[in-house]
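A short write-up of the structure that comes next.
In what follows, every heavy atom counts, from backbone to side chain, and hydrogens, waters and symmetry copies are set aside. Computed from a predicted model, the values in this text were never measured in an experiment.
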Amino acid sequence: MDGERRPAPGPPAQSLLADEHLVLWTLCSVLLPVFITFWCSLQRSRRQLHRRDIFRKSKHGWHDTDLFSQPTYCCVCTQHILQGAFCDCCGLRVDEGCLKKADKRYPCKEIMLKSDAKVPDAMPHHWIRGNVPLCSYCVVCKQQCGTQPKLCDYRCIWCQKTVHDDCMKSSLKNEQCDFGEFKNLIIPPSYIASINQMRKNKKTDYEVLASKFGKQWTPLIILANSRSGTNMGEGLLGEFRILLNPVQVFDVTKTPPIKALQLCTLLPHYSARVLVCGGDGTVGWVLDAVDEMKIKGQEKYIPQVAILPLGTGNDLSNTLGWGTGYAGEIPVAQVLRNVMEADGIKLDRWKVQVTNKGYYNLRKPKEFTMNNYFSVGPDALMALNFHAHREKAPSLFSSRILNKAVYLFYGTKDCLIQECKDLNKKVELELDGEHVELPSLEGIIVLNIGYWGGGCRLWEGMGDETYPLARHDDGLLEVVGVYGSFHCAQIQVKLANPFRIGQAHTVRLMLKCSMMPMQVDGEPWAQGPCTVTITHKTHALMLYFSGEQTDDDISSASDQEDGREAEYTAEDLRV
């Protein structure tokens, strides 16, 4: 019928074509970014492999960076660069595309001169152009260097002298390098070459070889833990390599201290010094390696040890005047000056022997070496909880402030739970063989040094009470008790004093029942019934820096000087 409406015709061909174009463009808009991202990541991985191959084959200590900390110019193309690579030994800075050219054109710091028939006593300057340190001055005209916005001026990578381009005369280019301010700490490349020549000739008279450097020559060995505290160790390693001979700088995570300290055997007797960059645990590790040198009969090569504190507590460092923690507030050059000014002292080291109870116990007693303190109770419990969580997620505990916050959390938790209460019913204490009656305590702390708990003078306390100052070289231990975690917090903010039990040459503690947390120098564990005996083991030769003192040190310095000599002679330092 004409009145009926016919159905609408189907979609035209143009509509189908438009839909196909829409699908095609949709696929392109989705797949093209994916392809570009994949291609960029592939190119980035190729560049990384190429860069790593250059780093592996190069004699330079190359490290790449995404952003330089100061205006930087490529040593090859002289262009301003924001990212690239730098050598942590000689200080070269280059763009990524200029790595190969820089590797072939510029030699790095020579840790040892080439073995010739005659090793020269002096060496010329090793000049590197551009990127001189900030606030450096020309040795010729005494004006500031590196002020122009381009690659300009020179720096010697041994003596650290800087000079303008215009002042670089032929006479200065041929001048002999005297190793600058830190010449008494640097092991010259000529000395290493001479040592190798003497060993080939089967001679070991290093004293004659070192006599030309004078009695003030005290070579410094750097032992840094790149994982300590706030992970500053890796950056410090590079800064020390620039100022010293790279052969003197070691990362203890890659080279164990006992192996690194063998360098001392190539130096004159009693001349070497060691700077440990790390926490109290790293210092204890190095001192254990020094004890191994004594066992091997290498007493004449025992070094004196200084500390650059990178850990969380740093109580030993604080006791020896090196501060509570290093965060880059002073330049590395000033750290080396402090080491040169430091005085030698002795540090008592103690043997802690833990013998488990039981007639059928065939295990050998556990032995620890104590430098700082031993404790049983709430502070050991906090350390045990902290270490358990740090082992699960070590990357979350890289901040010194965060670590202390975690300690505060566990201390607050223990205030409510009181896991260590009634300690006096669980233990017996003997000082020099005499039994001691204990009040209602939750913790016992045996001290060798003046500081405890991240900077608290535990034995001296506060108020008008007069107690003999704690010393770390008198062969005596100070024993105190605490009433709980809240009491520990009060002591740290100087609102309370500990319960002073006494001083002794030998301390014996018998744990009669149950499991209790214990720690030696911050290394905690859970311990069942046992007998803990603490006796004197040996002395360590340390360096004391009197330039930086805390308020507690200033108030007690005059009293402490009455009880000991300010310096020890060379004979006193020989163990």
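- Here the CG-CG distance, from L336 to L275, works out to 7.5 Å after rounding to the nearest 0.5 Å.
- The shortest non-hydrogen separation linking T65 to Q83 is O-CB, 3.3 Å.
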Apply the test side-chain contact (heavy atoms from CB on, under 4.5 Å) to residues H472 and D348: give CA-CA distance (whole Å), side-chain angles for both, the deciding distance (0.1 Å), then the verdict. CA-CA 6 Å; H472 46 266; D348 290 326; 5.7 Å; no

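- Looking only at distances, a side-chain donor or acceptor of Q160 sits under 3.5 Å from a matching main-chain atom of I242.
- A distance-only check finds no donor-acceptor pair linking the side chain of Q298 to the backbone of Y301 [under 3.5 Å].
- In this structure, a donor-acceptor pair under 3.5 Å is present between the side chains of S58 and D103.
- Using cut-offs of 30° and 60° on the angle between ring planes, the pair F179 and W158 is perpendicular.
- Distance check: M382 CE to Q519 CD gives 9.0 Å after rounding to the nearest 0.5 Å.
- Of all heavy-atom pairs spanning C74 and V94, the tightest one is SG-CA, 3.8 Å.
- In plain terms, the two heavy atoms of P524 and A380 that are nearest each other are CB-O, 4.0 Å.
- Checked by atom type and distance alone, the side chain of Q144 never pairs as donor or acceptor with a backbone atom of S136 at under 3.5 Å.
- Between Y451 and T319, some side-chain heavy-atom pair lies under the 4.5 Å cut-off.
- Side chains of D280 and N372: a donor-acceptor N/O pair is present below 3.5 angstrom, by distance only.
- Taking CD1 from I195 and OG1 from T265, the interatomic distance works out to 9.0 Å, rounded to the nearest 0.5 Å.
- Taking 4.5 Å as the limit, some side-chain heavy atom of R155 sits within range of a side-chain heavy atom of P133.
- Distance check: T255 OG1 to L223 CG gives 9.5 Å after rounding to the nearest 0.5 Å.
- With contacts defined as side-chain heavy-atom distances shorter than 4.5 Å, the pair Q304/V274 does not qualify.
- Aromatic ring orientation, F545 versus W322: parallel (interplanar angle below 30°, classes split at 30° and 60°).
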Step by step, work out the side-chain contact (heavy atoms from CB on, under 4.5 Å) result for K183 and F213. CA-CA 9 Å; K183 61 182 178 182; F213 298 107; over 6 Å; no

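- By the 4.5 Å heavy-atom criterion applied to side chains, H539 and L347 are not counted as neighbours.
- S317 places a side-chain N or O within 3.5 Å of a backbone atom of G323 that can act as its donor or acceptor partner.
- In plain terms, the two heavy atoms of I187 and Q248 that are nearest each other are N-OE1, 2.8 Å.
- A donor and an acceptor atom, one from each side chain of S226 and D251, are located under 3.5 Å apart.
- At a threshold of 4.0 Å, the pair D95-K101 does not count as salt-bridged, since none of the basic side-chain nitrogens sits closer than that to a carboxylate oxygen.
- Rounding to the nearest 0.5 Å places NE2 of H80 at 15.0 Å from NZ of K150.
- Heavy-atom minimum distance, H60 versus A102: NE2-O, 4.2 Å.
- Side-chain contact between Q492 and W452 is present, with at least one heavy-atom pair separated by less than 4.5 Å.
- The closest side-chain donor-acceptor pair between N314 and Y326, if any, does not fall under 3.5 angstrom.
- Heavy atoms only, all atoms of each residue included: C75 and L92 are closest at SG-CD2, 3.5 Å.
- Partners of T72 according to the side chain to side chain contact (heavy atoms under 4.5 Å, CB included) rule, which considers only residues two or more places apart in sequence or in another chain, are F68, Q70, I81, R93, N131.
- Contact check for D521 versus V283: no side-chain heavy atoms found under the 4.5 Å cut-off.
- Without hydrogens or angle criteria, K212 side chain to L209 main chain gives no donor-acceptor distance under 3.5 Å.
- Between D291 and K294, at least one side-chain nitrogen of the basic residue sits less than 4.0 Å from a carboxylate oxygen of the acidic one, meeting the salt-bridge criterion.
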Evaluation steps, side-chain contact (heavy atoms from CB on, under 4.5 Å), between I222 and F250: CA-CA 6 Å; I222 307 295; F250 299 91; over 6 Å; no

Hey, mind stepping through H125 and Y154 against side-chain contact (heavy atoms from CB on, under 4.5 Å) and telling me if it holds? CA-CA 11 Å; H125 288 286; Y154 290 86; over 6 Å; no

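- Judged by distance alone, the side chains of T369 and K537 do bring a donor and an acceptor atom under 3.5 Å apart.
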The test is ring pair (Phe, Tyr, Trp, His ring centres under 6.0 Å); show your working for Y106 and W127 and say whether it passes. CA-CA 10 Å; Y106 301 107; W127 298 107; over 10 Å; no

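- Within a 6.0 Å radius of NZ in K296, more than 12 heavy atoms belonging to other residues, nucleotides or ligands are found.
- A donor-acceptor pair under 3.5 Å is absent between the side-chain atoms of R129 and the main chain of D165, judged by distance alone.
- Under the 3.5 Å distance criterion, the side-chain polar atoms of R273 are left unmatched by any main-chain donor or acceptor of I221.
- Residue E329 places its CD atom among more than 12 non-hydrogen atoms of other residues, nucleotides or ligands, all under 6.0 Å distant.
- Proximity of V339 to L220: side-chain heavy atoms (C-beta onward) are separated by under 4.5 Å at one or more points.
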Evaluate Q143 against H164 for side chain to side chain donor-acceptor pair (under 3.5 Å), listing each step before the verdict. CA-CA 9 Å; Q143 298 297 318; H164 289 123; over 6 Å; no

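- K59 places no side-chain N or O within donor-acceptor distance of the main-chain N or O of E110, the cut-off being under 3.5 Å.
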Worked check of side chain to side chain donor-acceptor pair (under 3.5 Å) between D88 and H63: CA-CA 7 Å; D88 66 352; H63 294 269; 3.1 Å; yes

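- Using a 4.5 Å cut-off on side-chain heavy atoms (C-beta onward), I449 and N371 make no contact.
- Annotation: D178, atom CG; neighbour count of heavy atoms from other residues, nucleotides and ligands within 6.0 Å is above 12.
- Between the side chain of N225 and the backbone N or O of T253 there is no donor-acceptor pair closer than 3.5 Å.
- Using a distance-only test at 3.5 Å, with no hydrogens or angles considered, no donor-acceptor pair links the side chain of T218 to the main chain of S271.
- Note that the CD atom of E292 and the CG atom of L261 stand 9.5 Å from one another [nearest 0.5 Å].
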